[in-house]
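To start, the structure under review is shown below, and the notes come after it.
Just follow the structure's listing: the first ligand is 1, and inside any ligand the first atom is 1. Since this is a predicted model, take the numbers as computed values, not measurements.
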Amino acid sequence: MTLDIIILAAGQGTRMRSALPKVLHPLAGRPLLEHVLDTASALGAATVHVVHGHGGEQVRERLQGHAVQWVEQAEQLGTGHAVAQALPAIPDAHRVLVLYGDVPLISEAALRRLCAAAGDDALALLTARLDDPTGYGRILRDAEGRVLGIVEQKDATPEQRAIREINTGFLAVRAGLLKGWLAALDNSNAQGEYYLTDVVAMAEDQGVPVEAVATECIEEILGVNDRGQLATLERHYQRRQAERLMREGVTLLDPARFDLRGTLYAGQDVSIDVNAVFEGRVVLGDRVRIGPNCVLRDVEIGDDVVVQANCVLEDAVIGRASRIGPFARIRPETRLAEQVHIGNFVEVKKSEIGPGSKVNHLSYIGDSQIGARVNVGAGTITCNYDGANKHRTVIEDDAFIGSDSQLVAPVTVGAGATIGAGTTLTRDAPPGELTLSRAPQKTRSGWKRPEKKK
Ligand code: UD1
Ligand code: CA
């Protein structure tokens with residue numbers, strides 16, 4: 001049966017106390033709604049309808065890459081009213097599955113079970129059993145266990161409130177049936193809303209089978225209404241990712257202090273210390289070790305690389321057996337060959353560094369091309385920016401740059417050249433020679449330090 005998915009996302013999200021629409025708040029670095037859209041597309045929906053309201057423009061703009069039928073619900077008159085806005089565009093014979101933009105962790109597996117239970121002509125509900133069901137709609141059953149209806153918390157009697165089987169909100173049913181029921185909804189209830197949940201009693205009245213499908217995983221049905229709930233779901237999501245990586249053979253020194261906001265491909269025997277944050281697409285080769293407090297975004301790291309504590313790496317390729325850090329910053333468009341050493345307080349930007357080269361202390365390397373086996377001394381700066389344009393520095397193989405030198409680009413240091421410590425290099429240094437710029441050293445004998453006046 002052709003599947004149409006309706007995602008409800010019109011809620012204001014008042015309790016987030018945010019200028020950002022609730023469904024755009026990130027979970028693992030991506031908007032809540034995007035997680036739901038991914039699940040929808042995994043289910044192979046023919047069309048995904050997103051019902052939006054407040055902040056609709058922003059939501060549409062942020063998710064414009066997704067194939068979505070946007071439906072506006074100008075006034076939020078209830079979940080039944082929200083679903084009704086999308087229904088006219090859906091043929092009667094299609095199956096409708098209702099999802100929620102603020103319930104990001106719903107699993108594909110549970111939804112497949114729900115669709116299977118709906119079959120051709122049943123109404124399927126996803127339910128759960130909660131120790132504390134406060135706030136949820138309760139499932140009403142008869143003595144034989146048949147589902148009779150759903151009563152909302154605010155409309156429930158004390159006896160009904162004691163029921164611990166709740167409505168998660170997820171449901172699947174053929175569009176034709178849903179259209180008939182929604183047309184007959186009224187809002188004579190405690191909240192004055194058109195409740196989607198009232199269709200259950202209508203189905204029961206008409207002899208349409210109602211199938212309750214239970215889920216054991218509570219996190220998958222939890223919605224986000226405030227930042228505390230968002231943090232709870234974030235931790236749950238991260239924990240699941242950490243467990244998966246450990247199953248795949250990655251060592252995480254503390255799975256509770258690991259954050260992946262994107263995708264991580266790890267080789268064999270990779271070890272990741274505490275407080276590592278991975279963003280975008282990160283590839284780690286075999287035996288890579290990541291020290292504590294590192295941030296890696298869109299990087300590719302070769303086998304046997306060690307990234308020591310407190311490094312930030314972004315959009316870079318790090319060659320085999322290189323050593324980075326501690327306290328190093330690797331900025332976009334950096335390409336390091338194998339066995340490169342980048343030490344503490346070194347920043348590298350848009351540069352290529354050849355095999356075996358070392359930049360070990362307190363340096364800035366920007367817009368540079370560095371050859372093989374080059375040694376860059378402590379405190380070396382490539383002066384790549386003249387205030388208007390960026391210029392390139394080229395350092396050829398086997399060159400040695402003395403400490404505290406400034407290389408004023410554009411400039412080239414020839415192969416095997418030596419630059420004396422403290423040099424300000426403004427012209428090319430020829431290969432194989434010593435080049436230095438240094439003020440002559442003077443000593444004034446008998447000079448006295450000034451003394452403080454009494
Ligand atoms: C709803 C269910 C309740 C269930 C609970 C699970 C109804 C009447 N009740 O209650 O049985 O236990 O979810 O979380 O359906 N929305 C719109 N437009 C509207 C109203 C709501 O888009 O006019 C969206 C909201 O953004 C939200 C979702 O629908 O994502 C649920 O709405 P909400 O008002 O939070 O329903 P609950 O009272 O939680
Ligand atoms: Ca809710």
Side-chain angles (χ1 to χ4, degrees), residues 5-16 18 20-25 31-33 35-37 49-56 59 70-87 96-106 110 114 123 125-130 132-140 147-156 160-161 163-171 173 178 181-182 185-202 210 212 214-215 218-226 229-230 233:
I5 289 181
I6 302 177
I7 302 177
L8 301 193
Q12 297 219 356
T14 320
R15 278 181 282 160
M16 296 299 281
S18 175
L20 191 68
K22 177 164 74 175
V23 294
L24 291 187
H25 278 261
L32 293 174
L33 180 54
H35 289 268
V36 183
L37 289 173
H49 310 257
V50 177
V51 180
H52 65 85
H54 179 72
V59 176
W70 297 98
V71 184
E72 189 177 332
Q73 184 194 22
E75 261 191 295
Q76 280 141 57
L77 303 178
T79 49
H81 180 261
V83 170
Q85 306 312 299
L87 274 186
V96 172
L97 174 63
V98 178
L99 310 184
Y100 298 84
D102 57 1
V103 186
L105 302 187
I106 187 66
L114 195 62
L123 167 61
L125 310 172
L126 189 69
T127 63
R129 244 168 221 293
L130 300 183
D132 177 11
T134 309
Y136 289 92
R138 309 296 205 283
I139 306 294
L140 306 178
V147 176
L148 299 177
I150 295 174
V151 61
E152 292 302 299
Q153 166 90 19
K154 287 186 177 145
D155 301 289
Q160 290 170 331
R161 286 184 188 183
I163 297 170
R164 296 198 352 231
E165 187 186 13
I166 62 100
N167 172 37
T168 65
F170 295 93
L171 62 80
V173 68
L178 196 52
W181 298 330
L182 290 185
L185 278 188
D186 68 50
N187 63 354
S188 53
N189 51 53
Q191 302 183 77
E193 287 182 7
Y194 294 91
Y195 289 164
L196 176 61
T197 45
D198 284 351
V199 304
V200 179
M202 294 178 179
V210 179
T215 176
I218 299 310
E219 283 82 3
E220 76 171 326
I221 63 127
L222 293 180
V224 172
N225 294 304
D226 58 38
Q229 291 168 337
L230 180 58
L233 291 191

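Within the 4.0 Å heavy-atom cutoff, Ile166 does not count among the residues contacting ligand 1. Contact between Gln73 and ligand 1 is present, with at least one heavy atom of the residue lying under 4.0 Å from the ligand. Ligand 1 has no atom lying under 4.0 Å from any heavy atom of Gly223.
Near Thr168, meaning under 4.0 Å from one of its heavy atoms, ligand 1 places the atoms 6 (C). Taking every heavy atom of Gln76 and a limit of under 4.0 angstrom, the matching atoms of ligand 1 come to 18 (N), 19 (C), 23 (O).
Remark: ligand 1 and Gly137 share an N or O pair separated by less than 3.5 Å (distance only, no angle test). Annotation: Gln191 places no N or O atom under 3.5 Å from an N or O atom of ligand 1; distance criterion only. Taking distance alone, with nitrogen or oxygen atoms compared against 3.5 Å, Glu193 stays at or beyond that limit from ligand 1. The shortest N or O to N or O distance between Thr197 and ligand 1 is not below 3.5 Å.
The heavy atom nearest to atom 20 (C) of ligand 1, considering only Gly11, Pro133, Gly78, is found in Gly78.
In this view, Thr79 and Leu8, Leu196 satisfy the side-chain contact (heavy atoms from CB on, under 4.5 Å) rule, not counting sequence neighbours.
Using the six-membered ring where Trp is involved, His81 and Tyr194 have ring planes that are tilted, between 30° and 60° apart.
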